[in-house]
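One structure follows; several queries about it will come next.
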Amino acid sequence: MLMHFYKNKRFITLLSCMLCLGVVLYVKVQSPEQKDQSEPVISGVQTDKARYDPGDEVNLTLHTNIKTGKLNIVYYHLDEKIGEQTITIHQEGKQSWTWSPPTVDYQGYLVKVTMESGNKVTSETIAVDVSSDWGKFPRYGFLSGFDTENESDMKDVISRLNRYHINGIQFYDWHYEHQDPLKTADGKPAHHWEDISNRPIDLDTINSYISLSHERNMTAMAYNLLYGSFENRNLPKEWHLFKDQEQREKDLHPLPEDWKTNVEIMNPTNPWWQDHLIEKQQEVYRSLSFDGWHIDQLGDRGKVYNEWGDLISLDESFEPFLNKIQECIPDKQIVMNAVNQYGQGSINRSPVPFLYTEVWNPNSTYNDIVRILDDNHHLSQGNKNTVLAAYMNYEHANKEGMFNEAGILLANSVIFANGGAHLELGEHMLSKEYFPHDSLNMTESLQQKLIDYYDFLTAYENILRDDISRSEVQIESADGIAFSPTAVQGSLWYTAKEKGKKQMIHLINLLDADSIDWRDTFATHPKPIEQKQIGIKMETDREVNKVWFASPDIDGGAPQTLPHDQKDQSLSFTLPSITYWDMVVIQYK
């Protein structure tokens, strides 16, 4: 994550905007009983945790703006109703109730709440994830500001991340120095220090954020490099990597002049460096209750040599070092960044729970995103999911402004539909690899729609990210609309996946796309025009039992059955509408 920023010195550290993710949930239908017609009848549906262990009780809340009525609650697993509940409202304000989901591990659910008042009906949805380990279905967020913070503001940040079901948090640049991450004084942790870019760091703030994360069942991961040291720290010469066989030039990563130092690159195959860094990380764990270590790298360093002048295969060095870390600290998790897939094969062979890729050029298109996700799926034989660090509106973020909603939702549609998750949400939304950079804000519309998308990712995790294989299918339009099995401008892009007797067809609307650049670099992607009543035909030799669909753009992601017609080996149905992304599920007998 450091690589590209450190090569560009025009960026400066900005203060983290604690209100960038402020969320208000709106519904379109208003009740005449409302005191203020601008307020929704029901709003702010919340769960108390981002992830639940099997057997946990789910506590839900929402706000009503009327004094009397009924809340009708339906609990779904995929398209199946697994429970219903009715709550009578006797006063306006906060409403609370509990739900005990099935105790089956690694399951996603959708909760739909409908409010009846007179002849008006409004609804909201929220997802629930029951998983004993966040690494099965990671939804990774970040924190990047650790100055002395107001406790109320920190609670608001974590509450907003909880609404997106963020179940793991990367604590970015919290540390003192790479080779010595926890500053100490008289053998005890210091209360204050400055990070590499001279930003103030407060120990109590770090501790508070860790505690607040744990209250929401979020995993707290401590960021640090695998092989970095501040310059001129008098570490033994044999610990370093060199650019030449004669060891005259140390491998050095330059940083902006107004930062503390450059970064010297240590040799990750050197056992003494390994022991040093592992001991320093154990020191971190003795003082801070982090759950694991988010390990970074700087990508392909070219030819590098050890103290003997031997050429080092840096990408193959990751596996043995990661294995050693896990053996020495077995009760803590490790995750490692593969910069543009560098060393991902080696990382995959280590005990990381999922794969993490920071995406850079030349992987610039939606098709490249799909290929990376597929490559990681094949590397892990489908046993590890993927999180992509993919920074949006990159050049647009060189000045203050707003994120482009269309670009964000199209990128997430592609990532989520193909089994991935997107590292993008923290105190603010990411646009650069230097996480404190926060020149762009989210509109209220984008905040709400991202809630719908993260609800969708969570509720349907079992048919998006759970032992899913690619499926072959050919689709034709009954209405002359162009369909394509790859990302092509001017088409409805379809991708088919399969699990058991279910076949999932994902449709992404590129009919109005101005490019297939996933980054939406200059924030130019236009919003797709909604298409309605799309006739679809496909060939299948299996007998169809049911066809249903769901979309994060429609009814909060709630499932809807589709009438279908099957004759011989031809299946036809009509898709009611599509804006960004629809998922059609065909259930075979």
Side-chain angles (χ1 to χ4, degrees), residues 26-29 125 364-367 369-370 392-393 396 401-418 422 440 442-457 460 473-496 504-538 547-560 562-563 572-585:
Y26 292 92
V27 291
K28 294 181 179 179
V29 182
T125 57
S364 60
T365 72
Y366 295 134
N367 292 314
I369 289 289
V370 174
M392 300 298 302
N393 296 173
H396 179 60
M402 307 299 288
F403 281 101
N404 179 28
E405 180 176 297
I408 303 300
L409 297 184
L410 279 170
N412 280 342
S413 295
V414 175
I415 294 169
F416 295 177
N418 287 278
H422 192 183
L440 300 181
M442 291 193 289
T443 63
E444 290 183 351
S445 172
L446 178 56
Q447 292 167 32
Q448 172 58 62
K449 289 178 180 177
L450 278 177
I451 285 174
D452 292 334
Y453 274 63
Y454 276 81
D455 276 342
F456 198 86
L457 175 68
Y460 295 107
V473 69
Q474 284 191 329
I475 292 179
E476 296 179 359
S477 169
D479 307 304
I481 292 177
F483 282 88
S484 173
T486 57
V488 175
Q489 289 175 248
S491 72
L492 275 184
W493 173 21
Y494 66 89
T495 301
M504 290 69 70
I505 299 173
H506 299 279
L507 296 150
I508 296 175
N509 187 358
L510 300 179
L511 290 168
D512 306 295
D514 66 354
S515 81
I516 57 170
D517 162 35
W518 63 261
R519 199 183 295 279
D520 188 19
T521 305
F522 295 97
T524 59
H525 283 353
K527 178 181 178 180
I529 297 171
E530 181 186 26
Q531 302 291 322
K532 295 184 177 181
Q533 299 299 310
I534 304 166
I536 294 176
K537 294 182 179 180
M538 59 175 283
V547 179
W548 59 277
F549 96 111
S551 170
D553 305 314
I554 301 170
D555 193 23
Q560 300 180 37
L562 294 181
S572 60
F573 55 88
T574 298
L575 194 66
S577 67
I578 184 172
T579 302
Y580 290 97
W581 168 32
D582 283 1
M583 176 180 69
V584 176
V585 181

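In what follows, every heavy atom counts, from backbone to side chain, and hydrogens, waters and symmetry copies are set aside. Note that the coordinates shown come from a computational prediction; the quantities given were computed from them, not determined experimentally.
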Short side-chain to backbone donor-acceptor contact, Asp452 and Phe456, under 3.5 Å: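 Side chain of Asp452 to backbone of Phe456: no pair is present.
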Are the side chain of Glu476 and the backbone N or O of Lys537 linked by a donor-acceptor pair below 3.5 Å? no
Is a salt bridge present between Glu405 and Lys449, judged by a nitrogen-to-oxygen distance below 4.0 Å?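 Answer for the salt bridge query: yes.
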Are Phe573 and Val584 packed together at the side-chain level, in the sense that at least one heavy-atom pair is separated by less than 4.5 angstrom? yes
Taking distance alone, no hydrogens or angles, what donor-acceptor pairs closer than 3.5 Å link side-chain atoms of residues 479-488 to residues at least two apart or in another chain?
| from | atom 1 | to | atom 2 | distance (Å) |
| --- | --- | --- | --- | --- |
| Asp479 | OD2 | Gly535 | N | 2.4 |
| Ser484 | OG | Thr486 | N | 3.2 |
| Ser484 | OG | Thr486 | O | 2.7 |

Could you check Ile408 against Leu446 for side-chain contact (heavy atoms from CB on, under 4.5 Å), going step by step and ending with a plain yes or no? CA-CA 8 Å; Ile408 303 300; Leu446 178 56; 4.1 Å; yes
Would you please indicate if the ring centroids of Tyr454 and Phe416 are separated by under 6.0 Å?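 Judged by ring-centre distance (under 6.0 Å), Tyr454 and Phe416 do meet the cut-off.
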Test item: Ile516 and Gln489 side chains (from C-beta on) under 4.5 Å apart, heavy atoms: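 Yes. Closest side-chain heavy atoms under 4.5 Å.
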Knowing that exactly one of Val547, Ile475, Asp582 qualifies, which makes a side-chain contact (heavy atoms from CB on, under 4.5 Å) with Ile505? Ile475
For the CD atom of Gln560 and the CD1 atom of Ile554, what is their distance to the nearest 0.5 Å?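 These two atoms lie 6.5 Å from each other.
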So, Asn509 side chain and Ile529 main chain: donor-acceptor pair closer than 3.5 Å or not? yes
How long is the straight-line distance from CG of Leu510 back to OG of Ser515, given to the nearest 0.5 Å?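 Answer for the OG-CG pair, Ser515 versus Leu510, is 9.5 Å.
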How many angstroms lie between CH2 in Trp518 and OG in Ser413, if you round to the nearest 0.5 Å?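 Result: 15.0 Å between the selected atoms.
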Taking every non-hydrogen atom, the tightest pair across Pro528 and Thr579: CB-O, 3.3 Å
Check for a donor-acceptor pair, side chain of Asp520 on one end and backbone N or O of His525 on the other, with a separation under 3.5 Å.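 Yes, because the side chain of Asp520 sits within donor-acceptor range (under 3.5 Å) of the backbone of His525.
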Does Asn418 use its side chain to pair, donor to acceptor, with the backbone of Ile369 at less than 3.5 Å? no
Ignoring hydrogens and angles, tell me if any N or O in the side chain of Asp517 forms a donor-acceptor pair with the backbone of Thr365 under 3.5 Å. no
Is a side-chain N or O of Glu530 found less than 3.5 angstrom from the main chain of Ile578, in a donor-acceptor match?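 No; judged by distance alone, with no hydrogens or angles, the pair does not exist.
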Any donor-acceptor N/O pair, Thr125 side chain to Gly556 backbone, under 3.5 Å: yes
Grab the two heavy atoms, one from Met392 and one from Phe403, that are nearest each other, plus how far apart they are.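 In this case the closest contact between Met392 and Phe403 is O-CE2, 4.0 Å.
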For Ala550 and Pro559, which heavy atoms make the closest approach, and how far apart are they?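 Here Ala550 and Pro559 meet closest at CB-CA, 4.2 Å.
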State, with a plain yes or no, whether a side-chain heavy atom of Ile536 is found less than 4.5 Å away from one of Thr574.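 SC-SC contact between Ile536 and Thr574 ruled out.
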Give the intermediate values and the outcome of side-chain contact (heavy atoms from CB on, under 4.5 Å) for residues Val585 and Met583. CA-CA 6 Å; Val585 181; Met583 176 180 69; 4.2 Å; yes
Taking all atoms of both residues into account, what is the closest heavy-atom pair of Val414 and Tyr366, and its distance?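 Taking every non-hydrogen atom into account, CG2-CD2, 3.6 Å.
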I want to check something: taking the side chain as every heavy atom from C-beta on, are Leu450 and Leu409 in contact at a cut-off of under 4.5 Å? yes
Which atom names give the shortest non-hydrogen contact between Ala496 and Val473, and what distance separates them? CB-CG1, 3.3 Å
How long is the straight-line distance from NE2 of His422 back to CD1 of Ile415, given to the nearest 0.5 Å?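 Going from the CD1 atom of Ile415 to the NE2 atom of His422 covers 4.5 Å.
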CD of Gln531 to CD1 of Ile534, rounded to nearest 0.5 Å, is 5.5 Å
Do Leu575 and Leu507 have side chains that get closer than 4.5 Å, going by heavy atoms?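 Side-chain contact under 4.5 Å: yes.
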Quick check: closest heavy atoms across Tyr580 and Lys527, and the distance to 0.1 Å? OH-CG, 3.4 Å
Indicate yes or no: at least one non-hydrogen side-chain atom of His506 is less than 4.5 angstrom from one of Trp581. yes
Flag, side chain of Tyr460 to backbone of Gly557, donor-acceptor distance under 3.5 Å: yes
Flag side-chain contact, heavy atom, 4.5 Å: Ile508 against Tyr494: no
